[in-house]
Asker: 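I'd like to ask you about the structure that follows.
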Amino acid sequence: MSRISGLYRLSASDRLKIVAENSGLSGDEVEAMKTGGITLDQADKMVENVLGLFAVPLGVATNFVIDGREVLIPMATEEPSVIAAASNGARMAIAGGGFVTSTTQPVMRALIQVTGVEDPYGARQAILARAEEIAGRANERDPMLVSHGGGVVGLEAEVVASKRGPMVVVHLLVDCRDAMGANAVNTMAEALAPFIEEITGGRVYLRIISNLADLRIARARAVFLAEEIGGPEVVDAIVMASALAEVDPYRAATHNKGIMNGVTAVTMATGNDTRAIEAGAHSYAARGGAYRSLSVYEKNRDGDLVGSIELPAAVGTVGGATRVHPGARANLKVMGIICADDLGRVLASVGLAQNFAALRALATEGIQRGHMSLHARNVAVQAGAIGDEIESVASKMAAERRINVDRAKELLRDGR
Ligand SMILES: CC(C)(COP(=O)([O-])OP(=O)([O-])OC[C@H]1O[C@@H](n2cnc3c(N)ncnc32)[C@H](O)[C@@H]1OP(=O)([O-])[O-])[C@@H](O)C(=O)NCCC(=O)NCCSC(=O)C[C@@](C)(O)CC(=O)[O-]
Ligand SMILES: NC(=O)C1=CN([C@@H]2O[C@H](COP(=O)(O)OP(=O)(O)OC[C@H]3O[C@@H](n4cnc5c(N)ncnc54)[C@H](OP(=O)(O)O)[C@@H]3O)[C@@H](O)[C@H]2O)C=CC1
């Protein structure tokens, strides 16, 4: 069940109780969600020079229906109004059938840079001629991945002009199954380097994954019925906003930031690499040389709004921190996710819901009313509010539409 109207009006512990019951969480899993999921000892084994833990709020987005399945979506973010907006966007997608998704195979690219060859085009062909042998040698480095149905699925090689002369850039295409795959493909690329040097007579420098994961794509589409979102003017206004983001990089950057509000929050909540997913999204948005929006909005023949999004989804449900972080495991369980492909579909759907909610606000009343009224609590705390004062000062400022620290201080003085 994901349609829990007014969840936000309950206390945090009542919300967690509902989510735990809904998802069949154990006591340990509930504790992991409540406390951040890791102990100092666990943190000390995850990264270096550990001093402590840095907490970020974990919330849950409601109302998501993805491929006919209701999904509650944990999101870790420091930004107010993001979780409310995702829930709001998902709510308005329900009447049109929710989000419909599709994905490609989970294929990542490992890049091998070959320099110092006199005949780069000849070297390129020599590499391609040994493709099967190269794939076999790479697969030998990760029999576990192969046993899960993954492994090398292709090889590409191109001659690239650079300020240091031509280079051959080899791409090893690896199906990473449920892993994000960076460690897996980097291991393969490093192992292959001496063999590539032997084939080409060149010198290999870089051997590393590409975060432009253009072969590992998740897509989502939703129909937002005109009467659900405020009428035909709102449909037209959102199509107009989309048209600008499709051609203007200054607008596209903020449009895509709005998408990543949701995508990064889910990536973080599942222990995945947020930098990898951000690098992938923005480089994908810039493919072909022009930076543009990752989503597009159109009006269909019924006058309803059709939103669609497409972005790289280099996330895993094994590997990295995903299995060692108890909070990440609990969050996957809340979403009922068992494989990386499912997580990619959720990312695309959240990105679209998030983007739609922001565009609808921008196209109607503006972003500040919804966003600032939720940010008002932060402003009240900055002004020195404590306990019940926080909600009281925040709601007064929101009602007055005057949300700033000076006003919060005045209200505090008046109330004390
Ligand atoms: C903020 C809302 C949702 C208010 O929206 P509203 O219409 O005042 O809220 P409502 O009381 O009518 O509630 C509607 C639904 O919103 C959700 N909702 C409503 N309030 C809460 C809350 N407190 N906590 C949790 N969920 C909440 C909730 O799902 C609720 O329905 P329910 O499920 O309960 O039946 C709306 O104005 C909105 O969607 N605004 C967009 C805000 C946004 O996008 N924030 C992101 C930060 S701004 C930014 O970084 C990106 C940007 C904007 O620059 C991107 C771009 O330019 O494209
Ligand atoms: N540029 C980037 O984005 C970079 C990112 N990273 C980091 O790399 C990490 C992710 O790398 P990743 O390779 O996913 O992590 P891991 O190496 O931890 O996990 C991948 C491994 O899990 C095993 N495995 C078990 N079950 C499965 C399954 N169902 N599907 C696939 N593999 C399975 C495989 O073999 P086996 O059991 O033999 O290990 C596979 O090699 C993240 O922490 C990321 O931050 C690192 C370098 C660069």
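Whatever order the structure lists them in is the order used to number ligands and atoms, beginning at 1.
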Asker: Looking only at atom types and distance, does a side-chain atom of N331 sit under 3.5 Å from a main-chain N or O of G327, one as donor and one as acceptor?
Answerer: yes
Asker: With sequence neighbours excluded, what pairs up with R203 under the side-chain hydrogen bond (donor to acceptor under 3.5 Å, both in side chains) test?
Answerer: Y205
Asker: Would you say the side-chain atoms of T39 and Q42 include a donor-acceptor pair closer than 3.5 Å?
Answerer: yes
Asker: Got a salt bridge between E198 and R130, using NZ or NE/NH1/NH2 to carboxylate O under 4.0 Å?
Answerer: no
Asker: Between R137 and E140, is there a side-chain N and carboxylate O pair less than 4.0 Å apart?
Answerer: no
Asker: Got a salt bridge between D67 and R69, using NZ or NE/NH1/NH2 to carboxylate O under 4.0 Å?
Answerer: no
Asker: Can you list every salt bridge (Lys or Arg N to Asp or Glu O under 4.0 Å) pair that touches residues 217-229, not counting sequence neighbours?
Answerer: R219-E310
Asker: What residues come within 4.0 Å of ligand 2, counting heavy atoms only?
Answerer: D142, M144, L145, H148, C176, R177, D178, A179, M180, G181, A182, N183, A184, N186, I209, N211, D273, A276, V318, G319, G320
Asker: Is atom CD1 of I338 surrounded by more than 12 heavy atoms (other residues, nucleotides or ligands) closer than 6.0 Å?
Answerer: no
Asker: Within the distance-only criterion (no hydrogens, no angle test), does the side chain of R177 pair as donor or acceptor with the backbone N or O of A340 below 3.5 angstrom?
Answerer: no
Asker: Please tabulate, line by line, the atom pairs linking an N/O of ligand 1 to a protein N/O at a distance below 3.5 Å, with the distance in Å to 0.1, or answer 'none'.
Answerer:
unit_1	atom_1	unit_2	atom_2	d
ligand 1	8 (O)	R369	NH1	3.0
ligand 1	8 (O)	R369	NH2	2.9
ligand 1	11 (O)	Y8	OH	3.3
ligand 1	16 (O)	N88	OD1	3.4
ligand 1	29 (O)	N63	ND2	3.3
ligand 1	33 (O)	R3	NH1	3.1
ligand 1	33 (O)	N63	ND2	3.0
ligand 1	34 (O)	G6	N	2.8
ligand 1	35 (O)	R3	NH1	3.3
ligand 1	35 (O)	R3	NH2	3.2
ligand 1	35 (O)	S5	OG	2.8
ligand 1	39 (O)	N88	ND2	3.1
ligand 1	45 (N)	S81	OG	2.7
ligand 1	50 (O)	E79	OE2	3.3
ligand 1	50 (O)	K257	NZ	2.8
ligand 1	50 (O)	N261	ND2	3.1
ligand 1	57 (O)	R251	NH1	3.0
ligand 1	57 (O)	R251	NH2	3.3
ligand 1	58 (O)	R251	NH2	2.7

